[in-house]
Amino acid sequence: DWPAFVDPTSEGARLHPYLFVILLMACRYGTAAGVLSAVVGCLLLVIWARPDFSVGIGERVKPATIQMISFVLSGVVFGLLRERHIRREEDLQENLSHAVEHGNDLENENEMLLRITTELERKILTDIQSFANLYTISQDLEKLDKEEICLNVPHIVAEHLEAERCSVYLHEEGE
């Protein structure tokens, strides 16, 4: 029934233990909240134990005074620790968001490089087949005489180079 734990045998009032729990809960929001909670807790002690409360200065410092000072200091210390932790969380969150953005950029670059690689492989395979076909055709053309070559070249050019028309003319002296 005595919220300030007033005990005449122990030289005055003591802080209620629930105030320390409230202090810890307030400290999770930072230093300002911890200090405010500690000061309000001390004011509650003074208000609840008003008739029996005395501070005592000098050689006769009361236990309640020491308890209030330690209560405020614990609010400051726990608040500072939590504030530091909050800053670290914010820094880690920022680093994580930068890492995610960088990962997305790398993933997009990887997809683009895969598309380019696939396209280059397809072109290389196509070119290798074309060169192999042209080499085979040139080998076959070496065996023919000039007039047969002139007749076959337009067909070969139209087929392999996808030309619509082409002509080969023989000039004087077999050129």
* Starting at CZ of Phe78, measure out to CG of Leu24 and round the result to the nearest 0.5 Å. => 5.5 Å
* To do: Keeping to residues at least two apart or across chains, list the salt bridge (charged side-chain N to carboxylate O under 4.0 Å, His left out) pairs with something in residues 88-104.
  => Arg82-Glu89
* Asked: Which distance, rounded to the nearest 0.5 Å, do you find between the CE of Met112 and the CD of Glu107?
  -> 13.5 Å
* Asked: Given the rule that I, L, V, M, F, W and Y join up when any side-chain heavy atoms are under 4.5 Å apart, are Met68 and Leu19 in one cluster?
  -> yes
* **Other ILVMFWY residues reachable from Val100 by side-chain steps of under 4.5 Å** => Leu96
* **Partners passing side-chain contact (heavy atoms from CB on, under 4.5 Å) against Leu73 (at least two apart in sequence or in another chain)** => Ile69
* Asked: Residues in side-chain contact (heavy atoms from CB on, under 4.5 Å) with Leu114, at least two apart?
  -> Asn110
* Do you know the tightest heavy-atom contact between Phe71 and Cys42? -> CD2-SG, 4.0 Å
* **Minimal non-hydrogen separation, Gly79 against Cys27, with atom names** => N-SG, 3.8 Å
* In chain order, what residues pass the side-chain contact (heavy atoms from CB on, under 4.5 Å) check against Leu80, with sequence neighbours excluded? -> Thr31, Val76
* Under the side-chain hydrogen bond (donor to acceptor under 3.5 Å, both in side chains) test, which residues partner Arg122, sequence neighbours left out? -> Glu119
* Do the side chains of Ile22 and Val72 join up, straight or via other hydrophobic residues, at under 4.5 Å, putting them in one cluster? -> no
* Asked: Do Leu23 and Val40 sit in the same hydrophobic cluster, where Ile, Leu, Val, Met, Phe, Trp and Tyr count as joined when their side-chain heavy atoms come under 4.5 Å apart?
  -> yes
* Asked: Taking atom CG of Asn108 and atom CG of Leu113, what is their separation to the nearest 0.5 Å?
  -> 11.0 Å
* Asked: For Val77, which residues count as a side-chain contact (heavy atoms from CB on, under 4.5 Å) partner, sequence neighbours excluded?
  -> Leu81
* Asked: Does the side-chain contact (heavy atoms from CB on, under 4.5 Å) test come out yes or no for Glu121 and Thr117, once each step is laid out?
  -> CA-CA 6 Å; Glu121 286 175 352; Thr117 303; 3.7 Å; yes
* Residues that, via side-chain heavy atoms closer than 4.5 angstrom, fall in one hydrophobic cluster with Met25 -> Val21
